[in-house]
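Treat the numbers as computed from the prediction; the structure is a model and nothing was measured.
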Amino acid sequence: MTWSEMEPLLEQACWDTLYMVGWSALIAVAGGLPLGVLLVLTDRGGVLQNVVVNKVVGQVVNIARSMPFIILMVALISFTRAIVGTTIGPEAAIVPLAIGAIPFYARLVETSVREVDGGLVEAVQSMGGSTWTVVRKVLLPESLPSLISSATTTIVALIGYSAMAGTVGAGGLGDLAVRYGYLRFETKLMWITVAILAVVIAIIQFAGDLAARGLSHRGRSSVAPRLVLLRGGASRAGKPGKPAPAPERGAAPAEIESVEPTKVP
């Protein structure tokens with residue numbers, strides 16, 4: 001097979017793979033992020049401690065993660081047909097890919113969020129912060145570099161899953177490698193496919209690591225300002241006649257309130 005014959009096949013296969021992985025990754029992050037945070041919040045000592053909910057959600061995640069992807073695809077054939085109207089092609093592959101990646105990413109999110117310093121959570125709660133404030137202002141910002149790394153790991157895993165999905169008619173680079181490289185003994189095309197997958201994974205991993213390192217360095221210098229969450233929550237709670245607490249170093253001018261000196265009778 002000449003390069004002019006392989007080029008259109010490789011181009012279409014690359015677009016199919018990117019299409020499947022892109023949509024599956026978005027759905028996995030959208031579903032796995034709240035699920036992972038819920039596992040942390042409902043655990044023992046969590047902000048929303050609920051052992052029953054935590055155990056039930058944890059078991060569902062464990063069962064979904066333990067199922068091999070190829071079996072998951074077969075088990076979801078009826079569900080996939082009901083959602084997209086077909087069981088073959090890139091659109092059909094998105095359904096099992098996303099469902100398989102959601103619990104995978106949820107466990108990574110759980111691990112990342114658990115690494116957040118509990119003292120920051122207690123500080124926000126002591127200032128009257130709600131659960132949503134704790135999640136939005138502390139848990140997610142402080143664990144963001146690790147969440148980016150987890151998302152990168154999930155995308156790389158999805159690329160491997162998409163190659164597996166290609167064996168059952170999903171299209172993409174995996175389908176191309178099986179149909180031409182294995183069934184038609186086009187060894188050259190198969191190795192080109194492997195090289196493309198390696199390059200794509202290397203680029204994604206590099207970009208994810210770069211973003212995680214950048215956010216990590218920026219996060220270390222902005223931990224203190226993040227504690228100024230509820231404007232005036234702590235200073236206004238003080239009683240008359242007592243000086244307000246000193247503002248955090250580096251706080252924005254809008255967050256600093258002037259305090260009248262106490263007159264001595």
Q. Got a donor-acceptor contact below 3.5 angstrom from the Thr17 side chain to the Leu173 backbone?
A. yes
Q. Out of Thr154, Leu158, Val109, Val61, which one pairs with Phe104 under the side chain to side chain contact (heavy atoms under 4.5 Å, CB included) rule?
A. Thr154
Q | Beyond-backbone contact of Asp117 with Glu142, side-chain heavy atoms, under 4.5 angstrom | A | no
Q: Please report the closest heavy-atom contact between Ala170 and Ala165, naming both atoms and the distance.
A: CB-O, 3.1 Å
Q: Check the side chains of Thr42 and Asn50 for a donor-acceptor pair under 3.5 angstrom, ignoring hydrogens and angles.
A: no
Q: Work out which heavy atom in Ala28 is nearest to a heavy atom in Ile102; give both atom names and the distance.
A: CA-CG1, 3.7 Å
Q: Check whether any side-chain N or O of Arg107 sits under 3.5 Å from a backbone N or O of Gly58 as a donor-acceptor pair, and report yes or no.
A: yes
(Q) For a side chain to side chain contact (heavy atoms under 4.5 Å, CB included) check, start with the C-alpha distance between Val200 and Val21, then their side-chain angles and the critical distance, and finish with the verdict. (A) CA-CA 12 Å; Val200 170; Val21 172; over 6 Å; no
Q) With a 4.5 Å limit on heavy-atom distance, are the side chains of Glu91 and Trp23 in contact? A) no
Q) Closest approach of Ile148 and Ala211, non-hydrogen atoms and distance? A) CG2-CB, 4.0 Å
Q. Looking only at atom types and distance, does a side-chain atom of Ser162 sit under 3.5 Å from a main-chain N or O of Ile159, one as donor and one as acceptor?
A. yes
Q: Might you point out which heavy atoms bring Ala30 and Pro34 nearest each other, and give the distance in Å?
A: O-CD, 3.1 Å
Q) Does Leu108 share a hydrophobic cluster with Leu139, counting links as ILVMFWY side-chain heavy atoms below 4.5 Å and allowing steps through other members? A) no
Q: Could you tell me which non-hydrogen atom of Ala93 sits nearest to which non-hydrogen atom of Pro96, and how far apart they are?
A: O-CD, 3.3 Å
Q. Can a donor-acceptor pair be found between the side chains of Ser112 and Ser143 at a distance below 3.5 Å?
A. no
Q.
Could you report the tightest heavy-atom contact between Ala92 and Thr80, atom names first, then the distance?
A. O-CG2, 3.4 Å
Q | Side-chain donor-acceptor pair present, Thr133, Ser130, cut-off under 3.5 Å | A | yes
**Q.** Heavy atoms from other residues, nucleotides or ligands near CG of Leu210 exceed 12 (cutoff 6.0 Å)
**A.** yes
Q: Spell out, yes or no, whether Leu48 and Val121 are grouped together once hydrophobic residues are joined by side-chain heavy atoms under 4.5 Å, including indirect joins.
A: yes
Q: Determine yes or no for a side-chain-to-main-chain donor-acceptor pair under 3.5 angstrom, with Gln59 supplying the side chain and Lys55 the backbone.
A: no
Q: Taking ring pair (Phe, Tyr, Trp, His ring centres under 6.0 Å) as the test, write out the residues that go with Tyr105, two or more places apart.
A: none
**Q.** Single-linkage hydrophobic cluster, 4.5 Å side-chain cutoff, Val116 and Leu38 together
**A.** no
Q. Are Val124 and Val113 connected in the hydrophobic side-chain network, where two residues link if heavy atoms are under 4.5 Å apart?
A. yes
Q) Does the pair Leu33 and Leu140 meet the rule for a side chain to side chain contact (heavy atoms under 4.5 Å, CB included), with working shown? A) CA-CA 10 Å; Leu33 183 61; Leu140 294 183; 4.1 Å; yes
Only distances under 3.5 Å count here; give the side-chain donor-acceptor pairs of residues 63-79 to other protein atoms, sequence neighbours excluded, each with its distance to 0.1 Å.
{"unit_1": "Ser66", "atom_1": "OG", "unit_2": "Asn62", "atom_2": "O", "d": "3.3"}
{"unit_1": "Ser66", "atom_1": "OG", "unit_2": "Ile63", "atom_2": "O", "d": "2.8"}

